[in-house]
Amino acid sequence: MAALKTMNRMYEVCFNAARQAAGLKTSRLIQHRSFRISQPFDSSLEKPQFPGASAEFVDNLEFIQPNVISGIPIYRVMDRQGNIINPSQDPQLPKETVLNYYQKMTLLNTMDRILYESQRQGRISFYMTNYGEEGTHIGSASALDPNDLVFGQYREAGVLMYRGFPLDLFMAQCYANADDLGKGRQMPVHYGCKDLNFVTISSPLATQIPQAVGAAYAFKRQNMNRAVICYFGEGAASEGDAHAGFNFSATLECPLIFFCRNNGYAISTPTNEQYRGDGIAARGPGYGMLSIRVDGNDVFAVYNATKEARRRAVAENQPFLIEAMTYRIGHHSTSDDSSAYRSVDEVNYWDKQDHPISRLRHYMTARGWWSEDDERSWRKQSRKTVMEAFEKAEKRLKPNPELLFTDVYDEMTPTLNKQKESMWRHVQQYKEHYPVDLYEK
Ligand SMILES: Cc1ncc(C[n+]2csc(CCOP(=O)(O)OP(=O)(O)O)c2C)c(N)n1
């Protein structure tokens, strides 16, 4: 026993030293450790002593049943007609805030329509719409601090829009013109903006999840009151990286919000082919993570859940999981025709009867904050603004082709320099085959 006490003490000293060095705010890890270590190792007690779990023995053989029939409930604030269900949950946002939500959600929708059409006409190479998921973007983005870091998948343009990313830069990225912050190197919709704390999107699914955890861990060490939010789809949650990220975030106690957009499909794969548990929210407790499921078409429910998760994530240094239930109304991307795997009736239901934009509009109309006239003039004005940005982006030159070779490494290597010169010699020799006039010199 004496030896055990000494060991316990040693652990405590070591953990305290490590904690002080890291400047950590909470001591959940230490509490867990000392709880386990201080159990008396006494074989006369019929108590489990396994270090891997705190549990009692049972003497009946019983497998745990997954509860998928009556799943984790879906938190909502507004019904489909925009009525507040429980006044104690009403975030009571001021009129200007709600109008801003509505304008951002509809502006995103207008931008999507114009860029989608532009892809159909071959003016840009690819596009992904956000139809039906506008409430998840705006509700969550508005609950964050502007300093919080965002890691996205590719269907979160509304988050960037909420933070003030200009239409010109959305267009510049999709057109890969010389104004694009990413220098025209990635496919459309792979946005990023350092000034707005939005980490550049990349195509391989779920890779951002463990990266977000690393960033949140760094924030914890800096003790700067910052959180990280990491968005992903329910399909991406099947990737190995999702498991790595969830587990690391819990064990390393990171101030992070995992935000899963469960929109029912991963391209053509419906959720019943993606998983057999109770969605994604049910996985959270398995990782020791506080979790909630919300109605993603209810912008206030998304706001409330994200606000509280953000507050606690930073105050307590622990991750939260939000699963926002929604529906992908558009095709997966411009390379997809979703009528091949789902019915028009199904899509129409969500588009016409349970849409985040119409729900918020009902709420605003009931308060006398929005009229038919307001709608008409806003639609006209927003369309005009998007079209102006669109036309400007289309006329702009493409980046200098030399930019293909820079930023591969921090500095150009001799090999890359050689390749660059060889490219210029080739283009010079065959210039009639290249649209050189479209590129900056
Ligand atoms: C590692 C990896 N595997 C496969 C793909 C191809 N892919 C692109 S999007 C996608 C579906 C993702 O679905 P989900 O995460 O539910 O997001 P949603 O598109 O519904 O928003 C797949 C399989 C990829 N980009 N990366």
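Residue indices begin at 1 and follow the sequence shown. Remember, it's 1-based here, ligands and their atoms both numbered in the order they're listed.
Annotation: cation-pi geometry not satisfied between Arg328 and Tyr131 (NZ/CZ under 6.0 angstrom from ring centroid, within 45° of ring axis). Both the sub-6.0 Å distance and the 45° axial angle are satisfied by Lys104 relative to the ring of Tyr162. For the pair Arg163 and Phe165, the cation does not sit on the ring face, since its NZ or CZ is not both under 6.0 Å from the ring centre and inside 45° of the axis. For Arg361 and Tyr363, the positive end is not near the middle of the six-membered ring at less than 6.0 Å and at most 45° from its axis.
If you look at Glu234 next to ligand 1, the close heavy atoms, those under 4.0 Å, come from the backbone and the side chain alike. Both the backbone and the side chain of Ala266 come within 4.0 Å of ligand 1, counting heavy atoms alone.
For a threshold of 3.5 Å applied to N or O pairs, the pair formed by Gly235 and ligand 1 contains at least one separation below that value. Any N or O atom pair closer than 3.5 Å counts here, and Glu133 shares no such pair with ligand 1. At a 3.5 angstrom cut-off on N or O pairs, Arg261 counts as close to ligand 1. Some N or O of Ala236 is nearer than 3.5 Å to an N or O of ligand 1, by distance alone.
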**Item:** Worked verdict on Arg283 versus Asp278 for salt bridge (Lys or Arg N to Asp or Glu O under 4.0 Å)
**Value:** CA-CA 8 Å; Arg283 295 180 199 173; Asp278 177 23; over 6 Å; no
**Request:** Might you work through the ring-ring contact (aromatic ring centres under 6.0 Å, His included) test for His426 and Tyr434, ending with a clear yes or no?
**Result:** CA-CA 10 Å; His426 172 87; Tyr434 289 95; 5.5 Å; yes
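Judged by the shortest distance from any of its heavy atoms, Met128 lies outside the 4.0 Å radius around the atoms of ligand 1. The closest approach between a heavy atom of Phe232 and any atom of ligand 1 is not below 4.0 Å.
Ring centers of Tyr191 and Phe170: under 6.0 Å apart, within the cut-off.
Looking at atom 17 (O) of ligand 1, its nearest protein heavy atom turns out to be Gln153 NE2, 3.1 Å.
Of the candidates Thr269, Leu205, Asn263, Leu205 brings a heavy atom nearest to atom 26 (N) of ligand 1.
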